[in-house]
Amino acid sequence: MDAKRRRLVVGSMSVPLALTVRQGGATAKSSAALCLYRDAQRGENSPKPKPILPSDTDDWMRGQVDVHELYVYSGSSWKKQSGQYYLGTDNTTYWQLTTDSSGNETAVKSSYTKNNCRTGSSPIGKRQMLVYVQDSGTEPIKVGYGVEKNYGGTITSSCWTSLKPIKS
């Protein structure tokens, strides 16, 4: 029996063996596709929210405001004021972006208006804010702004975060 086994092993070595190894790119593509498939399945199987009725309107939306530096005329020249400001929903009053004692970003109504100051030639930046709106029947009316910590939260349950984990 030992001689038969030896001949079988020696005989199989004379025939070339073809080994199949999967390519790394194909594995990565199939892994990403599987992640997207699982994500879609999770979306289909999750509890569905109740339908929104016309009477259930959303009062908040995300919007962008221009952030400015303000200048006040004092004596014979324009003096730059400290801080960063954005124009409120009344299109007259400027609000100052500031940080409260807990370290949270907030906005405080300032005494500056379009009538007693001016902005620089262009905004120094843009800021994403929550905008509180009221329904006027034809078009929503902006009523106020809300500041979010770190410009709002991030979505963490996606395929991207499995590749690039969020560091806390």
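Just so you know, these numbers come straight off a predicted model, no measurement behind them. Note: hydrogens, waters and symmetry copies are ignored here, and every other heavy atom, side chains too, is used.
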Please answer: with hydrophobic residues joined when any side-chain heavy atoms are less than 4.5 Å apart, are [X] and [Y] in the same cluster?
X      : Y      : result
Val65  : Val131 : yes
Trp95  : Val67  : yes
Val108 : Tyr94  : no
Tyr86  : Leu70  : no

Exercise. Which residues satisfy the side-chain contact (heavy atoms from CB on, under 4.5 Å) test with Asp100, sequence neighbours excluded?
Worked result: Ser102, Asn104, Thr106

Problem set entry | Sequence neighbours excluded, every pair satisfying salt bridge (charged side-chain N to carboxylate O under 4.0 Å, His left out) that has a member inside residues 73-99 | Glu69-Lys80

Exercise. With sequence neighbours left out, which residue pairs that include part of residues 121-140 fulfil the ring pair (Phe, Tyr, Trp, His ring centres under 6.0 Å) condition?
Worked result: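 As it turns out, the ring pair (Phe, Tyr, Trp, His ring centres under 6.0 Å) pairs with a partner in residues 121-140, which skip direct neighbours, are Trp60-Tyr132.
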
Separation of [Y] [atom2] from [X] [atom1] (nearest 0.5 Å):
X      : Y      : atom1 : atom2 : value
Asp66  : Ile124 : CG    : CD1   : 10.5 Å
Glu105 : Thr98  : CD    : OG1   : 8.5 Å
Gln64  : Met129 : CD    : CE    : 11.5 Å

Exercise. Who else is in Tyr73's hydrophobic cluster (ILVMFWY, side-chain heavy atoms under 4.5 Å, direct or via others)?
Worked result: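 Hydrophobic cluster check, Tyr73: joined to Tyr71, Trp78.
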
Problem set entry | ring-ring contact (aromatic ring centres under 6.0 Å, His included) against Tyr112, all qualifying residues, sequence neighbours excluded | Tyr85

Which side-chain N or O atoms in residues 113-122 pair as donor and acceptor under 3.5 Å with protein atoms at least two apart or in another chain?
from	atom 1	to	atom 2	distance (Å)
Thr113	OG1	Asn115	N	3.2
Asn116	OD1	Thr113	N	2.7
Asn116	ND2	Ser111	O	3.1

